[in-house]
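Below: one structure, written as structure tokens.
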Amino acid sequence: MRAVAIDGPAGAGKSSIARKLALTLGFIYVDTGALYRAIGLYTLRRGVQIRDKEGIIGLLKEIEVDIRYVGDEQHVFLNGEDVNGLIRTEEVSMAASAVSAVPEVRAFLLETQRGLARRYSVVMDGRDIGTVILPDAKCKIFLTASPEVRAKRRYDQLLEKGQEADYEAVLADLKRRDYDDSHREVAPLKLAEDGIEVDTSDLTLEESIRTVIETAKRCLGEEA
Ligand code: DC
């Protein structure tokens with residue numbers, strides 16, 4: 001099986017780009033953030049405080065998470081329930097971020113991720129795919145953009161959805177998440193030694209997709 005790891009900060013366009021890349025290569029797209037989100041959701045449902053590390057660790061024995069494919073689409077199952085429609089709220093994002101800093105949670109999800117990469121050729125997106133989950137992946141792309149550009153994209157998305165948004169608040173929130181993700185003790189967000197950085201600050205989505213497809217084909221040893 002072959003693997004492309006796509007890591008990078010929130011808002012760099014990882015999921016849209018990774019999805020297109022998977023389609024082009026005929027690989028399965030794996031969004032690993034959804035696994036952390038499912039655990040975040042369970043923590044909220046059980047009323048455990050998201051800063052209560054021991055409480056979260058205690059919940060793991062009650063949790064079974066699994067990724068299945070419904071057509072081309074990834075669905076996350078939490079104890080047999082399809083929770084795909086419930087994990088994209090702001091509350092779950094915060095909970096996912098908190099649980100992802102707990103080493104026991106990361107260890108708990110390791111095998112699910114590696115198992116998928118053993119069974120399928122994957123484009124896997126996350127924060128530590130190239131550094132921890134699939135260190136032998138042939139192709140590791142670190143997708144990034146300046147905080148201001150990522151905040152502007154997020155702000156525009158919120159307006160498009162008809163939600164109220166404050167650019168400065170979006171930017172501050174994003175910078176805090178960047179800091180948390182890259183300074184946590186376990187599996188911090190960072191460029192793998194053999195990773196290739198792609199900065200999309202000055203690229204449109206279409207240009208970013210084209211660049212990533214060319215980069216991936218090159219490192220997989222295929223003709224672009
Ligand atoms: O990519 P996302 O926003 O859906 O991820 C949700 C949270 O999970 C995010 O705060 C970082 C964390 N995460 C992680 O620590 N490692 C991954 N491989 C994927 C996500």
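In what follows, residues are counted from 1 in the order of the sequence shown. Indexing begins at 1, ligand by ligand and atom by atom, following the structure's order.
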Taking only non-hydrogen atoms of S97 and a 4.0 Å limit, the atoms of ligand 1 in range are 10 (O)
Among non-hydrogen protein atoms, atom 7 (C) of ligand 1 lies closest to A96 CB, 3.9 Å
So if you build clusters from Ile, Leu, Val, Met, Phe, Trp, Tyr with side-chain heavy-atom gaps below 4.5 Å, do Y69 and M124 land together? yes
Between V212 and the options T200, T24, L203, L21, the side-chain contact (heavy atoms from CB on, under 4.5 Å) test singles out L21
of all protein heavy atoms, closest to atom 8 (O) of ligand 1 is Y36 CB, 3.6 Å
_Looking only at distances, can you tell me whether any N or O atom of K14, backbone or side chain, sits closer than 3.5 Å to an N or O atom of ligand 1?_
no
Of all heavy-atom pairs linking P9 and T144, the shortest is CG-OG1, 4.0 Å
In this structure, atom 1 (O) of ligand 1 is nearest to the protein heavy atom R127 NH1, 3.0 Å
- Query: Looking at ligand 1, does any of its N/O atoms fall within less than 3.5 Å of an N/O of D125?
  - Reply: no
closest protein heavy atom to atom 16 (N) of ligand 1 is R106 NH2, 3.0 Å
Atom 5 (O) of ligand 1 sits nearest the protein heavy atom G33 CA, 3.6 Å
Worksheet entry | Verify same cluster id: I196, V123 (apolar side-chain graph, 4.5 Å) | no
Heavy-atom proximity to atom 2 (P) of ligand 1 ranks first, among R177, R37, R184, for R37
Exercise. Between D128 and ligand 1, does any nitrogen or oxygen pair lie at a separation below 3.5 Å?
Worked result: yes
So the atoms of ligand 1 within less than 4.0 Å of a heavy atom of G126 turn out to be 17 (C), 18 (N), 19 (C)
Exactly one of I50, V186, I57, L60 clears side-chain contact (heavy atoms from CB on, under 4.5 Å) with V102, and that residue is I57
Requested in this report: Tell me yes or no: between the side chains of Y29 and D72, is some donor less than 3.5 Å from an acceptor?
Outcome: no
Under 4.0 Å between heavy atoms, the region of S100 that gets near ligand 1 turns out to be side chain
In this structure, atom 19 (C) of ligand 1 is nearest to the protein heavy atom T32 OG1, 3.4 Å
Between V76 and A34 the two heavy atoms that sit nearest each other are CG2-CB, 3.4 Å
Do R68 and F77 form a cation-pi contact, if we require the NZ or CZ to be under 6.0 Å from the six-membered ring centre and within 45 degrees of the ring's axis? yes
Among the clusters formed by ILVMFWY side chains lying less than 4.5 Å apart, do L86 and Y42 turn up in the same one? yes
